[in-house]
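A short worksheet on the structure shown next.
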Amino acid sequence: MFYSRIGHSAVPSPELVVVNHSLAGSLGLNLEALHADEWAGMLSAAVFPEGADPLAQAYAGHQFGHFTMLGDGRALLLGEQITPKGKRFDIQLKGSGRTPYSRGGDGKAVLGPMLREYIISEAMHALGIPTTRSLAVVTTGEKVFRQGYETGAILTRTASSHLRVGTFQYAAQWGSGEDVRILADYVLQRHFPVNDSVGNRYLFLLKEVVRRQAELIAKWQLAGFIHGVMNTDNMSICGETIDYGPCAFLDTYDEATVFSSIDNSGRYAFGNQPHMAVWNLARFAETLLPLISDNEEKAVEAAQNVLEGFYLIYREQWLAGMRAKLGLFNEEHGDAELIQDLLSLMETNKADYTNTFLALTFNRPDEIAMSGISEFDAWYENWRARLSGQEESESSSFDLMKRSNPALIPRNHRVEEALKAAEKGDYNVMNRFLDALSRPYKHSAEQEEYFKPPEPSNTPYRTFCGT
Ligand code: AMP
Ligand code: MG
């Protein structure tokens, strides 16, 4: 019930336009073993590797709060690759054609959004944020109708698995209790190996998933990342960022930021992400209740305790990350206030999130837009006093900050610029950008051209779903 087998796609003329050599290497794939045309055929579902038995996965999900049946409507799982270090990864083609879960869709994807996922997922990986990754993009030679006719493309995505909160919801809704148990046992074995000493293994599963999500969302908030469509089908069980649709990074700091064109109510706004994660995890917990205990009341109480633990883990991780961003080695009373004051100042003064931390890292307060505003100057003095009160030297604080504050993020206007060039056949802009994004903590001179925030605009940046 968890999948449907999928056959070949008829792709007129697949062409490999981007390949991730370093990811291929770490997966243990030898790119030299095949000609580029053979790779293009294989990574567009035109030809399957020997022994492969591709499938589309079934799942459900709450989309903006509404429950519905979904599934891989435009993706297929080519298979699993075991790396030289013994780690197992799914290799999935996204945009590979219709499946039994396509509903009214054409099963296809177009070049811009697939390159966008490639750029942002690779940037996330380099920032140290758990994520699915991108191995390649192939153009199909087809025109696909979206806003107009666009270049058809397929992304090859790798993930520790593609199991989602929605996979559990699907099993709980349309399967038997035994189906949910089979899925839970599979997930435990694949992602959270246990022995009998853990006690209740399904409560343990819930705890682990909650912990990984709390750690993940803390990393998103620290980096200023907005996922944009945190539906339960877009929340991975193993704690990787998955499904890059209308996502984007903050420029100016504002908790209410929304980029998605369809998120009118701000459900998935930047500041709401931790709460939406808890909402999604509650949907996950509901599917596990019958496995946790035969006594419903006891199961609910145990699950609620675990869910409440999300905020503790999240807050601890976030504070630890913020301290590192401010060069603080130890914990002191008043740190939370110091951090909050800075964020509030950024919000009030529309300061650029990444560049404010960067200017502090290089001790160039004059470059901060808020410099000269008395509240900020007072904050800066406080922070300097807090730094000099530490045992560690000032230079070790600045080193910690360099390791914790990226020089660059994939700013929306630079992503758009790279996509525009690629759509005209020029991949140089994107390849240079990808190269700079792969070393965000290097702080080298060639990164400087990417520092500049977009010119202020009257029309807010918008991203689109289902592209
Ligand atoms: P997403 O917004 O990418 O998370 O997709 C939500 C659901 O819509 C998933 O079940 C997708 O497989 C499906 N979907 C998105 N685009 C298409 C498409 N062009 N054809 C068929 N299904 C699609
Ligand atoms: Mg999705």
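Counting starts at 1 for both ligands and their atoms, following the listed order.
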Pair up each side-chain donor or acceptor in residues 312-324 with any protein partner under 3.5 Å, not counting sequence neighbours, and list the distances.
| residue | atom | partner | partner atom | Å |
| --- | --- | --- | --- | --- |
| Arg323 | NE | Asp335 | OD2 | 2.8 |
| Arg323 | NH2 | Asp335 | OD2 | 3.4 |

Report yes or no: is the cationic atom of Lys325 (NZ for Lys, CZ for Arg) closer than 6.0 Å to the six-membered ring centre of Phe357, at no more than 45° off its axis?
yes

Spell out, as yes or no, whether a donor-acceptor pair under 3.5 Å connects the side chain of Asp263 to the backbone of Tyr268.
yes

Could you check whether Asp106 pairs with Arg98 (Lys NZ or Arg NE/NH1/NH2 to Asp/Glu carboxylate O, under 4.0 Å)?
no

Give the atoms of ligand 1, by number and element, whose distance to some non-hydrogen atom of Tyr59 is under 4.0 Å.
9 (C), 10 (O)

With a 4.0 Å cut-off on heavy atoms, does Gly245 reach ligand 1?
no

List the residues meeting side chain to side chain donor-acceptor pair (under 3.5 Å) with Arg432, not counting sequence neighbours, and say none if there are none.
Glu449

Give the atom numbers and elements of ligand 1 that come within less than 4.0 Å of a heavy atom of Leu70.
7 (C), 10 (O)

Looking only at heavy atoms, is any part of Tyr101 under 4.0 Å from ligand 1, and if so is it the side chain, the backbone, or both, or is it neither?
neither

Thr156 and Gln92 side chains, donor-acceptor separation under 3.5 Å
no

For ligand 1, which atoms have a heavy atom of Gly107 less than 4.0 angstrom away?
18 (C), 19 (N), 20 (N), 21 (C)

Numbered atoms and elements of ligand 1 in range of Gly71, under 4.0 angstrom, heavy atoms:
9 (C), 10 (O), 11 (C), 12 (O)

Just to be careful: counting only protein atoms that are N, O or S, how many fall under 2.8 Å of the Mg ion (ligand 2)?
2

Distance flag, aromatic centroids of Phe204 and Phe192, threshold under 6.0 Å:
no

Closest to atom 4 (O) of ligand 1 (judged by heavy-atom distance), picking from Asp72, Ile242, Asn234, Asn231
Asn234

Look at atom 8 (O) of ligand 1 and find which of Lys94, Gln63, Arg103 reaches it with the closest heavy atom.
Arg103

What's the verdict on side chain to side chain donor-acceptor pair (under 3.5 Å) for His162 and Asp90, showing C-alpha distance, side-chain angles and the deciding distance?
CA-CA 7 Å; His162 285 86; Asp90 277 6; 2.9 Å; yes

Consider only side-chain N and O atoms of Ser4 and Tyr101, and report whether a donor and an acceptor are under 3.5 Å apart.
yes

Hey, which atoms in ligand 1 end up nearer than 4.0 Å to a heavy atom of Gly105?
20 (N), 21 (C)

Could you list which atoms of ligand 1 come closer than 4.0 Å to a heavy atom of Arg146?
19 (N)

Residue among Arg88, Glu240, His191, Gln57 satisfying side-chain hydrogen bond (donor to acceptor under 3.5 Å, both in side chains) with Ser161
His191

Glu80/Arg190 salt bridge by N-O under 4.0 Å criterion
yes

For Met69 and ligand 1, answer yes if some heavy atom of the residue is under 4.0 Å from a ligand atom, otherwise no.
no

Checking Arg403 now: which residues fulfil side chain to side chain donor-acceptor pair (under 3.5 Å) with it, not counting sequence neighbours?
none

Just jot down the ligand 1 atoms closer than 4.0 angstrom to any heavy atom of Asp243, in number order.
4 (O)

Would you please test Tyr202 and Leu188 for side-chain contact (heavy atoms from CB on, under 4.5 Å) and show each step?
CA-CA 9 Å; Tyr202 304 109; Leu188 278 164; 4.2 Å; yes

Heavy-atom distance to atom 22 (N) of ligand 1: which of Pro113, Gly73, Gly61, Ala60 wins?
Gly73

Any nitrogen or oxygen of Arg74, main chain or side chain, under 3.5 Å from a nitrogen or oxygen of ligand 1?
yes

Would you mind listing which atoms of ligand 1 come within a distance below 4.0 Å of any non-hydrogen atom of Lys108?
19 (N)

